[in-house]
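Just so you know, ligand 1 is whichever comes first in the structure, and atom 1 is the first atom listed for that ligand.
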Amino acid sequence: MKTPIYLFANWKMYLDLPESVAMARELSSVAKKHASRTVMTVFPTALALASVAEELKKTTIAVGAQNVYWVAKGGYSGEVSAEMFKQAGASFALVGHSERRHIFRENNHETRQKFEAVLEAGLTPVLCVGETLPEKQNGFTEEIVETQLRAAFTGLHWPAGKPLIIAYEPVWAISSGLGAEAAGGFCDASYAQTMALKIKQLLHGLVPTEMPSVLYGGSVRPTTVAEYLAQPDINGVLVGAASTQHDSWLGIVAEAERGS
Ligand code: PGA
């Protein structure tokens, strides 16, 4: 059986509640046309997650949280736990997205706690790793990614059969806003492939029982998605800005299906 191609749409804080519901409704109306090898998940804002899940419940499109807190319930104003997201219809959760790590200063220890909480709640975590531009320029890329992976996985019991999904997202390649003109630095597909392979090799030592899937994220557009998906160790894409506009997202999906 061929491995799935993951098409993950991180709506970040781009879409508000009515826009998220409208986008989910449009996706549900075209969902049946999708080939079975692609696995689509949308990650709306916490506020819109339950409504989006409701819109998509009769489709194969899954819903995920963009961020969770690691305690299930309690006096943590403003936070939402993995359990609560699950109750609202989530089956995935992003953990350690670069915007959490760099804008909100979340460290590897906090990321680990979130990673464990997501697994504990029975959701599938999508661990995001990647280097900043200064880290890349100073030759620290592999060290940074290895540290992020080790912090998440060392001594962790991985539940058998749970998909092991990592998103490699070089921070310097992430879009700074909506639209093609806001694209970040261009990450060559062969560079992304080199990192995806490196991540798989590192994971082999950390979770030897599982076959990991590595997604690429960072300014993916309909014109570039095929190059990334053509790489032998890239199993999908995590798309931000271009996933929040109907035409560009369906363009990405169409390109992915053409190549599958
Ligand atoms: P982008 O975001 O596609 O807007 O660059 C990717 C991500 O941060 O997940």
Heavy-atom count around His102 NE2 within 6.0 Å, excluding the residue itself: above 12?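 For His102, atom NE2 is crowded (more than 12 foreign heavy atoms under 6.0 Å).
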Which of the numbered atoms in ligand 1 are under 4.0 angstrom from any heavy atom belonging to [X]?
X: Leu238; result: 6 (C), 9 (O)
X: Ser219; result: 1 (P), 3 (O), 5 (O)
X: Ala241; result: 1 (P), 3 (O), 4 (O)
X: Gly218; result: 5 (O)
X: Asn10; result: 9 (O)
X: His97; result: 7 (C), 8 (O), 9 (O)

Compare all side-chain heavy atoms of [X] with those of [Y] and state whether any distance is below 4.5 angstrom.
X: Pro232; Y: Gln193; result: yes
X: Ser243; Y: Met40; result: no
X: His97; Y: Glu169; result: yes

[atom]: which protein heavy atom is closest, and how many Å away?
atom: atom 2 (O) of ligand 1; value: Lys12 NZ, 3.1 Å
atom: atom 9 (O) of ligand 1; value: Glu169 OE2, 2.7 Å
atom: atom 3 (O) of ligand 1; value: Gly240 N, 2.8 Å

Ignoring hydrogens and angles, state whether a donor on the side chain of Arg101 or Thr132 is under 3.5 Å from an acceptor on the partner side chain.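 Side-chain D/A pair, Arg101 to Thr132: absent.
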Salt bridge between Lys114 and Glu106, side-chain N to carboxylate O under 4.0 Å?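 Glu106 and Lys114: salt-bridged.
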Whether Glu83 and Lys86 form a salt bridge (side-chain N of Lys/Arg under 4.0 Å from carboxylate O of Asp/Glu) is what I want to check.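 No, no charged N to carboxylate O under 4.0 Å.
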Polar-atom distance check: Arg221 versus ligand 1, any N or O pair below 3.5 Å?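 No; every N/O pair is 3.5 Å or more apart.
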Taking distance alone, with no angle check, do Tyr14 and ligand 1 share an N/O pair under 3.5 Å?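 Min N/O separation from ligand 1 is not below 3.5 Å for Tyr14.
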For the salt bridge (Lys or Arg N to Asp or Glu O under 4.0 Å) test, which of Lys136, Lys198, Arg150 pairs with Glu142?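 Only one of Lys136, Lys198, Arg150 forms a salt bridge (Lys or Arg N to Asp or Glu O under 4.0 Å) with Glu142, namely Lys198.
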Which label fits Phe92 and Phe43: parallel for a plane angle under 30°, tilted from 30 to 60°, or perpendicular past 60°?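 Perpendicular.
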Mark the output for Gly217 as yes if a heavy-atom distance to ligand 1 is under 4.0 Å, and as no if none is.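 No, that is not the case, since the closest heavy atom of the residue is not under 4.0 Å from the ligand.
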Would you kindly specify which portion of Ile174 sits under 4.0 Å from ligand 1, judged on non-hydrogen atoms: side chain, backbone, both or neither?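 Both backbone and side chain.
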